Participant: 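I have a structure here, written as structure tokens, and I will follow up with some questions on it.
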Amino acid sequence: MWVGGVCRRPPIGWDDVPTWRAVRATGECVLPGQAERLRTEGVPVQDGRVDLSGARFDGFPSNGPLLALKAEQDALAERVSLRDEPGDEPAPPGPIAAVDVAYPSPGVARAAYVEMEPNSLEPTYELAVESPAPFPYVSGFLTYRELPAYAALIERLCGCRGEPGRAPSVVLVDGNGILHPRRGGVASGLGVLADVPTVGVAKKRLCGTVREDGRIELDGEVVGACVANPAIDGGKPIFISPGHRVSVATAERLATDWFRDHRLPEPLWRADRLSKTG
DNA sequence: GCGACAG
DNA sequence: ATCTTGTCGC
């Protein structure tokens, strides 16, 4: 939010909001007549700059919600496994699934599930489930917005299909896995929650550095790969990272093996569309 | 101090 | 992510 812009031209109904009391972090006054007005209120101002040592207000009520969630993410990261499943690598390609979430209206999430067999062009199974989405989108905390929707999806999935015997060997998730400031993106969250191998696929880079070889480095560690679908010339790349129970190399192979006619791996493209159409 | 920031 | 008109390309 551009605080300066709002304070310079307060919205209707902000007559009671003391917008002139907001200054730069340096104490510098930026609004016309701001320094003078603050001085009349007893605020120490010198050279158009507030002496923040005594005048600063930082008594905003907060229990630091994101700090607690960061701790949760650290705990999640501890539970993430980067080991490949036996028989998954080198790899008879098995059935794969993909999930994504759309928001048909504010506060409502629609999670979609698409399952495909290696050689079929059409999905083997599809399901979309709606649920409340009270948590806002905050970069780095996507898990808290979308995981509840996936939980609702899984619940219905088990109820509709029963037979937990033929679960997909891996689930592609729209978002990051360990390519995350605390190594705990949505793909990892879903993987740990459902105890299934997951691969994170993001359309934009959240963090890390893309090396010349396409590998993505974070704190000196390779956490994923940046790859474009060769079938689309001039296409933008996607950012692949392990969610849970797969290595970086396997995550990349699983996702890129499903490149077809779209930027995203086919199952994920279908899940994205299903989440939007219902 | 300034820019970046999954969906 | 979602809101939107025209527009570029196959």
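Just so it is clear, the structure is predicted and the values come from calculations on it, not from any experiment. The figures that follow rest on heavy atoms only: side chains count, while hydrogens, waters and symmetry mates do not. Here is how names work: the chains are called A, B, and so on, in the same order as the sequence lines, proteins then strands, and each is numbered from 1.
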Participant: Can you measure A/Leu218 atom CG to B/dA6 atom C1' for me and round it to whole angstrom units?
Facilitator: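 So the CG-C1' distance, A/Leu218 to B/dA6, works out to 13 Å.
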Participant: Just checking A/Phe141: base, sugar-phosphate only, or nothing, at a heavy-atom cut-off of under 4.0 Å?
Facilitator: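 It contacts base atoms.
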Participant: Whole angstrom is fine here: how far is it from NZ in A/Lys204 over to P in B/dC5?
Facilitator: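 Rounded to whole Å, this separation is 8 Å.
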Participant: State whether A/Lys70 and A/Asp74 are salt-bridged, where the test is any N-O pair (Lys NZ or Arg NE/NH1/NH2 against Asp/Glu carboxylate O) under 4.0 Å.
Facilitator: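 Judged by the 4.0 Å cut-off on N to carboxylate O distance, A/Lys70 and A/Asp74 do not form a salt bridge.
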Participant: Give the intermediate values and the outcome of side-chain contact (heavy atoms from CB on, under 4.5 Å) for residues A/Tyr125 and A/Leu157.
Facilitator: CA-CA 10 Å; A/Tyr125 187 83; A/Leu157 211 46; 3.6 Å; yes
Participant: Is there a side-chain contact between A/Val248 and A/Pro242 (heavy atoms, below 4.5 Å)?
Facilitator: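 Yes; the side chains approach each other to less than 4.5 Å.
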Participant: Output yes when A/Asp84 and A/Arg245 qualify as a salt bridge under the 4.0 Å nitrogen-oxygen rule, no when they do not.
Facilitator: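 No salt bridge links A/Asp84 with A/Arg245.
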Participant: Using a heavy-atom cut-off of under 4.0 Å over every strand shown, decide if A/Ala102 touches base, sugar-phosphate, or nothing.
Facilitator: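 Touches sugar-phosphate only.
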Participant: Looking only at the side chain of A/Leu142 (C-beta and beyond, no hydrogens), which of the listed nucleotides B/dA4, C/dA1, B/dA6 gets closest?
Facilitator: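 Closest nucleotide to the A/Leu142 side chain: B/dA6.
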Participant: Nearest-Å distance, CD (A/Glu146) to P (C/dA1)?
Facilitator: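 Atom-to-atom, A/Glu146 to C/dA1, this comes out as 9 Å.
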Participant: So what does A/Gly140 hit on the nucleic acid, given a heavy-atom distance under 4.0 Å: a base, only sugar-phosphate, or nothing?
Facilitator: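 The answer is base, as A/Gly140 lies within the cut-off (heavy atoms under 4.0 Å) of a base atom.
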Participant: Tell me the interatomic distance from A/Lys203, atom NZ, to C/dA1, atom P, rounded to whole angstroms.
Facilitator: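 Rounding to the nearest Å, NZ of A/Lys203 and P of C/dA1 are 5 Å apart.
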Participant: Can you check whether A/Arg205 has a side-chain N or O nearer than 4.0 Å to OP1 or OP2 of B/dC5?
Facilitator: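 Answer yes for this pair, as a side-chain N or O of A/Arg205 is under 4.0 Å from OP1 or OP2.
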Participant: With a non-hydrogen cut-off below 4.0 angstrom, is A/Val138 in contact with a base, only sugar-phosphate, or nothing?
Facilitator: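 Counting heavy atoms under 4.0 Å across all strands, no contact is made by A/Val138.
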Participant: Rounded to the Å, how far apart are A/Lys236 NZ and B/dA6 C1'?
Facilitator: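 Answer to the nearest Å: 14 Å.
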Participant: If I take atom OH in residue A/Tyr103 and atom P in nucleotide C/dA1, what distance separates them, rounded to the nearest angstrom?
Facilitator: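 The answer, rounded to whole Å, is 9 Å.
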Participant: Go through the side-chain N and O atoms of A/Tyr137 and A/Glu146 and say whether any donor and acceptor fall under 3.5 Å apart.
Facilitator: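 There is no such pair between these side chains.
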Participant: Send over the distance from A/Ile240 CD1 to B/dA6 P, rounded to a whole Å.
Facilitator: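 Computing the A/Ile240:CD1 to B/dA6:P distance gives 18 Å.
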Participant: May I ask you to verify if any side-chain N or O of A/Lys276 is less than 4.0 angstrom from the OP1 or OP2 atom of C/dA1?
Facilitator: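 Answer is yes, contact under 4.0 Å.
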Participant: Using a cut-off of 4.0 Å on non-hydrogen atoms, how would the nucleic acid contact of A/Tyr137 be classed: base, sugar-phosphate, or nothing?
Facilitator: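 The answer is base, as A/Tyr137 lies within the cut-off (heavy atoms under 4.0 Å) of a base atom.
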Participant: Quickly work out the A/Arg24 CZ to B/dG1 C1' distance and round it to whole Å.
Facilitator: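 Taking CZ of A/Arg24 and C1' of B/dG1, I get 11 Å after rounding.
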